[in-house]
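These notes are about the structure you will find just below.
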Amino acid sequence: MHEVIICEKPKSSEKIAGALFPDAMKKKHGKVSYWEHVEGDKRVTIVSAVGHLYSLRPRQSNEEHFFDLEWAPIYEIDKKKGYVKDYLNVIRKFAAGADRYIHACDYDIEGTLIGFNALKYGCGEEALRKTSRMKFSTLTREEIKRAYQNPIEVDYGQVDSGAARHILDFIFGVNISRSLMKSVKAATNRFIKLSAGRVQTPTLAILVEREKEIRDFKPVPYWIIRAELGEGIIAESKRGKIFKRELVDSILEKCQGSDAEVKDVRVRDTIRKPPVPFDLGTLQSEAYRVFGFSPKKTQTIAQNLYTEGYTSYPRTSSQKLPESIGYEKILKNLAKNPRFGVHIERLRGPLKPHEGKKEDDAHPAIHPTGLLPSELSKDEKKVYDLIVHRFISVFGEDAILQTMKVELEIGEEEFSFSRKRVSKAGWMESYPYTKMEDEEFPEISGGDSLAVRSVSADERETKPPARYNEASLIRELERRGLGTKSTRADIIAKLYDRKYIEGKKIRVSPLGENIIDTLTRYCEKITSEELTRQFERELEDIMRGKISKDRVIDEAITEVRSILSDIEENLRDIGKELYRAYQDSRVVGECPACGGKLVIKYSPRNRSTFVGCSSYPDCRTVYSLPKGASVLKSLCEKCGLPMISYGRPRQRACLDPKCGKKKSEVEEVVGKCPECGSDLIKRSGRYGEFVGCKGFPKCRFTCSVDEVPEG
DNA sequence: GCAAGGTC
């Protein structure tokens with residue numbers, strides 16, 4: 001009897017094998033591990049998927065629209081997924097033809113589909129008839145054993161629901177994206193990569209909405225009345241923002257010549273609880289706040305740390321640390337590193353983590369495993385240290401923040417100021433990433449009279465709502481239930497890649513706005529959360545057997561067909577507008593030669609981007625860009641051209657490399673050196689200008705200015 | 001080429 005257990009990912013196959021058959025033989029086929037266990041005449045093989053092994057593709061790639069889809073190995077569709085082939089081959093080789101199968105992927109819709117497809121296409125359809133299902137929510141030994149001893153049936157509602165999700169996303173996303181690109185092609189015969197989707201488009205719409213709020217914002221002036229009392233004390237009027245100038249004047253007059261009488265001094269202790277353990281979103285937020293890392297970068301690093309065994313599974317939404325992870329042992333191991341040891345020594349038992357609200361059935365919060373890394377890159381070390389310090393501080397004692405609040409009266413006008421200091425550091429000592437307030441408390445008590453140096457009105461303006469950054473946008477997506485913890489960072493990266501958005505404080509480009517405008521006209525649903533909500537309702541109904549998968553898909557096809565035909569009717573107009581917005585998005589400044597627009601261009605021949613005049617070929621102004629450079633919004637003070645940032649660490653410079661330099665420092669390339677092939681540079685020497693090789697002193701070729709070799 | 005969702 002041959003039994004096969006199929007798992008979702010390598011890590012869980014290792015745990016499942018270890019829990020059920022501690023003596024099983026770990027085997028390798030290429031880089032991929034699997035387990036074999038023999039018990040009398042029963043042989044058990046444990047194999048693993050690596051997430052989705054199969055992906056959708058159109059059955060006929062030459063059709064105009066893609067409604068007829070098929071599952072194919074993901075490595076055939078996506079060249080970057082080559083590593084999946086080895087896993088699938090292990091399944092094909094060692095799992096096909098078994099007598100019994102156990103589907104042991106995560107117990108959720110995607111997990112059920114991953115196992116189903118692996119069995120159906122990797123082991124053959126007959127495998128499905130011999131399959132039972134393990135249901136577990138955590139990968140603890142006890143729960144794995146219990147799930148193995150009490151198998152259930154595969155939930156085909158989940159399978160259909162999962163497949164429908166993939167198909168619906170493809171039908172909406174790919175077809176609408178293609179029609180947008182087609183419109184540009186029809187109008188201009190050019191290709192620009194454009195896209196729309198159930199998650200990315202509402203995300204862009206959120207940003208566009210904020211962009212419009214900022215644009216339409218009318219700042220209103222207001223005043224804050226401040227009194228300077230000496231010794232660095234500045235008190236503010238308790239009225240807060242005052243919008244009437246006359247009121248400001250009358251208050252200032254009232255305060256004239258009076259001392260400040262201290263009405264009340266209150267010192268209070270407030271407790272600051274330790275932070276909660278990291279789920280992926282909070283780790284991404286914190287790494288952005290502390291190091292400025294993009295969420296995608298943090299996610300990649302966390303994935304590496306996990307793969308190396310230093311930290312736990314990163315794609316979790318849990319802020320809980322169950323006791324079963326073994327607090328003591330992890331801390332004991334971490335303490336071997338004195339940098340962590342000093343903090344761990346301070347912890348007092350019994351160990352109890354301060355947990356957050358969010359839960360995840362499949363994984364605990366992100367935590368160090370206790371295995372100390374030997375070699376980490378600079379950035380990996382930053383993230384690792386952050387995770388370790390967070391983990392330790394979660395067990396720390398409460399900190400105490402002391403607040404002093406002083407109420408004053410100056411000529412019957414009420415003022416106040418406050419001071420803060422941490423009086424007991426507690427966990428804050430182990431978490432060097434938060435600010436510890438340490439303000440002086442002045443010696444003041446009720447009834448005192450203080451001299452007033454000056455009372456003045458500070459004029460300010462109301463500010464528009466802040467722009468999102470990547471971290472705050474991820475939080476917003478989470479709040480709205482758009483995307484998943486694993487995909488949000490990628491979705492945002494995609495919006496940057498399409499040039500829909502730009503900057504750390506995210507601005508929407510004209511192209512991004514036009515995409516939303518166009519889709520609002522032709523397919524408003526895809527620009528809002530409505531589509532996600534509709535999917536959720538439909539997938540729920542499929543799961544419960546209230547509606548068939550095929551009916552939901554047929555209805556979606558009808559809907560998308562109608563959207564596509566609406567777009568088709570105005571194809572050229574849509575394309576013209578999109579292309580114009582695309583051009584506007586690339587404008588970085590004004591051409592100093594002809595007054596036209598400088599735009600970012602791409603040279604396929606050199607495979608590089610550069611800045612050139614949009615009036616080419618009439619105007620041939622060009623500026624090369626260093627590799628990886630980005631053009632900034634700020635302008636050079638000397639010449640008015642845009643600034644660029646480039647290199648590592650990032651440096652800023654004018655787009656024009658000659659700007660601000662003396663003539664002698666400017667390298668003017670006039671040709672190629674016939675001896676070594678380097679650039680020939682115009683130089684000025686004692687006897688006037690001459691041309692020399694850039695490779696000097698290695699290559700000593702020189703010639704006069706009018707002798708420059710051709711080519 | 002195009003989506004969104006798993007994962008190394």
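What you see is a predicted model; the values in this text were computed from it and never measured. Within every chain, numbering begins at 1; the chains are lettered A, B, ... in the order of the sequence lines, protein sequences first and strands thereafter.
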Hey, does [X] reach any base, or is it just sugar-phosphate, or nothing, if we go heavy atoms under 4.0 Å?
X	value
A:Thr487	base
A:Asp490	nothing
A:Arg498	sugar-phosphate
A:Leu56	base
A:Lys31	nothing
A:Ala196	sugar-phosphate
A:Gly162	nothing
A:Val50	base
A:Arg198	sugar-phosphate
A:Tyr54	nothing
A:Leu180	nothing

Atom [atom1] of [X] to atom [atom2] of [N]: distance rounded to whole Å?
X	N	atom1	atom2	result
A:Trp71	B:dG5	CH2	C1'	9 Å
A:Ile74	B:dG6	CD1	C1'	8 Å
A:Ile114	B:dA4	CD1	C1'	12 Å
A:Asp497	B:dA4	CG	P	13 Å
A:Asn304	B:dT7	CG	P	16 Å
A:Leu113	B:dG6	CG	C1'	10 Å
A:Lys296	B:dC8	NZ	P	15 Å
A:Leu539	B:dA4	CG	P	15 Å

Among [options], the nucleotide that comes nearest once only the side chain of [X] is considered:
X	options	value
A:Arg315	B:dC8, B:dG5, B:dA3	B:dC8
A:Val174	B:dA3, B:dG5, B:dC8	B:dA3
A:Tyr83	B:dC8, B:dG6, B:dA4	B:dC8
A:Lys9	B:dT7, B:dG5, B:dA4	B:dT7
A:Tyr313	B:dA4, B:dT7, B:dG6	B:dT7
A:Ser486	B:dA4, B:dC8, B:dT7	B:dT7

Item to check | Worked verdict on A:Arg178 versus A:Asn175 for side chain to side chain donor-acceptor pair (under 3.5 Å) | outcome: CA-CA 5 Å; A:Arg178 284 164 53 88; A:Asn175 285 306; 4.7 Å; no
Item to check | Phosphate OP1/OP2 of B:dA3 contacted by A:Gln200 side-chain N/O (<4.0 Å) | outcome: yes
Checklist entry - OP1 or OP2 of B:dA4 sitting under 4.0 Å from any side-chain N/O of A:Thr484? => result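 For B:dA4, neither OP1 nor OP2 has a side-chain N or O of A:Thr484 closer than 4.0 Å.
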Item to check | Any donor-acceptor N/O pair under 3.5 Å between B:dT7 base and A:Tyr87 side chain | outcome: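 By the distance-only test, no, there is no pair.
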Item to check | Residue closer to the 5' end of DNA chain B, A:Tyr306 versus A:Asp78 (nearest nucleotide) | outcome: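 Checking each residue's closest nucleotide, the 5'-ward one belongs to A:Asp78.
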Item to check | Closest-nucleotide ordering on DNA chain B, the 5'-leading residue of A:Ile491 and A:Ile192 | outcome: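 Closer to the 5' end of DNA chain B: A:Ile192.
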Next on the checklist: Assess the residue pair A:Gln534 and A:Glu538 against the criterion (side chain to side chain donor-acceptor pair (under 3.5 Å)); give the C-alpha distance rounded to whole Å, side-chain angles, the decisive distance to 0.1 Å, and a yes or no.
Outcome noted: CA-CA 6 Å; A:Gln534 179 188 322; A:Glu538 287 172 344; 3.1 Å; yes
Checklist entry - Taking the six-membered ring of A:Tyr468 as reference, does the NZ or CZ atom of A:Arg210 fall below 6.0 Å from its centre and within a 45° cone about the axis? => result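 Ring-cation test returns yes.
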Item to check | Within 6.0 Å of NZ in A:Lys358, more than 12 heavy atoms from elsewhere | outcome: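 Above 12, so yes.
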Checklist entry - Would you call the rings of A:Phe170 and A:Phe66 parallel, tilted or perpendicular if under 30° counts as parallel and over 60° as perpendicular? => result tilted
Checklist entry - What is the ring orientation for A:Tyr87 with A:Tyr83, classed by angle as parallel under 30°, tilted 30 to 60°, or perpendicular over 60°? => result perpendicular
Checklist entry - Charged N to carboxylate O under 4.0 angstrom, A:Arg537 versus A:Glu540? => result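 Salt bridge flag = no for A:Glu540 with A:Arg537.
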